[in-house]
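Here the structure is laid out as structure tokens; the discussion comes afterwards.
Atom set for the values below is all heavy atoms of this structure, side chains included, hydrogens, waters and symmetry mates excluded.
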Amino acid sequence: MVFEGLAEKLQNTFKKLKGKGKLTEQDVSEAMREVKLALLEADVNFKVVKDFVKKVKDRSVGVEVLESLTPGQQVIKIVNEELTELMGQTQSKLTFASKPPTIIMLVGLQGAGKTTTCGKLSGLLKKQGKRPLLIAGDIYRPAAIKQLQVVGGQVDVPVFTMGDKLSPVDIVRAGVEHGVNHGNDVIIIDTAGRLHINEELMEELQDVKSTVKPHEILLVIDSMTGQDAVNVAEEFNGKLGIDGVILTKLDGDTRGGAALSVRSVTHKPIKFVGLGEKLDDLEPFHPDRMASRILG
Ligand code: GDP
């Protein structure tokens, strides 16, 4: 499970701190050195680690903390607060249109989990009483359309497709019209991915964006790819503009760096996390719960 290594290292460091009773600035510095190494080993972005450790240290070496009755506890509390802050403080919810339908565009590289997440997200919204429609806008990856139809079928959400002969812009335009005519209040568009970011992909996504004016563009990234996922997020945000991130495969053997870095690097929140291959393995992301899980 994500953060296992990081959690173990941080918990060891803090056990030592708590065991000391009174703390000196030196003790805090030593602990922060360990925190820094643990975060770097978890594949957290270097600059993010540097800023984080500095903030925690600045807050921890004050008289109030060091002279308190439980300085170790105080430092842990500060780390918890700063970890939560790093991941976005509070849960970041979906924006729904004041006048339905709400249009959500899912974007991302091939293999990140976009199509699966379309199914998961539509299933989640359906459980909340919405009437979602999925649009199959990935006309390049063989079997992407079929795959979307399968996941749509599994969560009992209709899938709009026009095959792979028309342009994505034409398909999504017709799909949104279909959704409006059929009373769908949330429309989720599965877009094309590529193995790498390229101009063609971005242009196509920009065209789709300007055609349907989505209320949410959510980038699906694979947490297993660590810093690469964060670079991808930075690029999509710069070129297309995103409203949030869905981080997949947190159930796997990931060190967790992407979860801790992406918000700080892109200034965009993680809205959901994927926790498995099954279609109900999608959860809203809660920064405070994640921080507490890391600190045990
Ligand atoms: P796309 O190319 O971005 O549309 O990716 P897919 O939706 O086809 O997913 C690629 C692979 O990742 C599939 O085998 C999915 O089952 C798997 N996958 C997607 N999300 C998760 C997740 O949260 N956890 C795990 N373990 N696997 C996932």
Side-chain angles (χ1 to χ4, degrees), residues 1-2 42-43 45 104-124 134-155 157 159 161 164 168 171-172 188-206 208-209 216-240 242-262 265-266 268 270-283 285:
M1 198 63 186
V2 63
D43 203 22
N45 172 286
I104 303 174
M105 205 173 140
L106 256 56
V107 300
L109 294 184
Q110 228 173 64
K114 198 163 23 64
T115 306
T116 312
T117 305
C118 280
K120 288 177 174 177
L121 185 60
S122 65
L124 194 73
L134 288 163
I135 298 181
D138 182 357
I139 57 167
Y140 306 103
R141 181 162 69 87
I145 297 175
K146 181 78 198 139
Q147 189 189 344
L148 193 68
Q149 286 173 320
V150 170
V151 294
Q154 283 170 354
V155 291
V157 168
V159 178
T161 156
D164 58 3
I171 294 170
V172 296
I188 300 174
I189 304 170
D190 188 19
T191 61
R194 301 278 198 281
L195 288 175
H196 303 285
I197 293 176
N198 60 34
E199 280 304 312
E200 213 185 326
L201 169 67
M202 284 302 167
E203 268 172 34
E204 181 181 309
L205 294 175
Q206 273 153 2
V208 172
K209 176 184 175 182
E216 289 269 359
I217 299 183
L218 299 177
L219 173 70
V220 179
I221 51 175
D222 177 349
S223 64
M224 301 288 286
T225 61
Q227 286 314 295
D228 275 348
V230 179
N231 297 336
V232 166
E234 213 178 355
E235 241 185 290
F236 267 85
N237 192 38
K239 296 211 164 110
L240 184 69
I242 60 173
D243 300 294
V245 166
I246 300 182
L247 190 60
T248 64
K249 309 186 195 179
L250 272 190
D251 53 305
D253 187 20
T254 166
R255 287 177 287 165
L260 284 170
S261 314
V262 79
V265 172
T266 63
K268 296 296 152 100
I270 298 174
K271 295 205 173 186
F272 294 93
V273 288
L275 296 162
E277 294 195 74
K278 290 204 303 297
L279 292 181
D280 55 1
D281 292 331
L282 184 77
E283 286 181 10
F285 181 66

Any donor-acceptor pair under 3.5 Å linking the side chain of [X] with the backbone of [Y]?
{"X": "Asp243", "Y": "Ile217", "answer": "yes"}
{"X": "Thr254", "Y": "Leu250", "answer": "no"}
{"X": "Asp251", "Y": "Gly276", "answer": "yes"}
{"X": "Thr266", "Y": "Ala233", "answer": "no"}
{"X": "Ser122", "Y": "Gly119", "answer": "yes"}
{"X": "Gln206", "Y": "Lys239", "answer": "yes"}
{"X": "Lys268", "Y": "Val245", "answer": "no"}
{"X": "Gln154", "Y": "Leu279", "answer": "no"}
{"X": "Thr248", "Y": "Gly274", "answer": "no"}

Between Glu216 and Lys271, does any NZ, NE, NH1 or NH2 come within less than 4.0 Å of an OD or OE carboxylate oxygen? yes
Show, in sequence, the C-alpha distance, side-chain angles and deciding distance for Gln227 and Val230, and conclude whether the side-chain contact (heavy atoms from CB on, under 4.5 Å) test is met. CA-CA 5 Å; Gln227 286 314 295; Val230 179; 4.2 Å; yes
[X] vs [Y] side-chain heavy atoms within contact, under 4.5 Å:
{"X": "Thr191", "Y": "Pro168", "answer": "no"}
{"X": "Ile246", "Y": "Leu219", "answer": "no"}
{"X": "Val262", "Y": "Ile270", "answer": "yes"}
{"X": "Ile197", "Y": "Phe236", "answer": "yes"}
{"X": "Gln147", "Y": "Arg141", "answer": "yes"}
{"X": "Gln149", "Y": "Thr161", "answer": "yes"}
{"X": "Met105", "Y": "Leu205", "answer": "yes"}
{"X": "Asn237", "Y": "Glu234", "answer": "no"}

Do the side-chain N and O atoms of Thr115 and Asp190 include a donor-acceptor pair separated by under 3.5 angstrom? yes
Between Arg255 and Ser223, does any side-chain donor sit less than 3.5 Å from a side-chain acceptor? no
Provide the closest heavy-atom pair for [X] versus [Y] in the form atom of the first, atom of the second, distance.
{"X": "Ile188", "Y": "Cys118", "result": "CG2-SG, 4.1 Å"}
{"X": "Lys278", "Y": "Lys120", "result": "O-CE, 3.2 Å"}
{"X": "Val220", "Y": "Ala112", "result": "O-CB, 3.4 Å"}
{"X": "Lys114", "Y": "Ala192", "result": "NZ-C, 4.1 Å"}

Out of curiosity, [X] [atom1] to [Y] [atom2], how far, rounded to the nearest 0.5 Å?
{"X": "Leu121", "Y": "Thr116", "atom1": "CG", "atom2": "OG1", "value": "12.5 Å"}
{"X": "Leu218", "Y": "Ile104", "atom1": "CG", "atom2": "CD1", "value": "6.0 Å"}
{"X": "Glu203", "Y": "Leu240", "atom1": "CD", "atom2": "CG", "value": "12.0 Å"}
{"X": "Thr117", "Y": "Asp281", "atom1": "OG1", "atom2": "CG", "value": "10.5 Å"}
{"X": "Leu201", "Y": "Leu109", "atom1": "CG", "atom2": "CG", "value": "7.5 Å"}

Exceeds 12 heavy-atom contacts within 6.0 angstrom, atom CG of Asp253: no
Residue pair His196, Gln110: steps toward the side-chain contact (heavy atoms from CB on, under 4.5 Å) verdict: CA-CA 8 Å; His196 303 285; Gln110 228 173 64; over 6 Å; no
Determine, step by step, whether Leu275 and Val273 satisfy the side-chain contact (heavy atoms from CB on, under 4.5 Å) criterion, reporting the C-alpha distance in whole Å, the side-chain angles of both residues, the deciding distance to 0.1 Å, and the verdict. CA-CA 6 Å; Leu275 296 162; Val273 288; 4.3 Å; yes
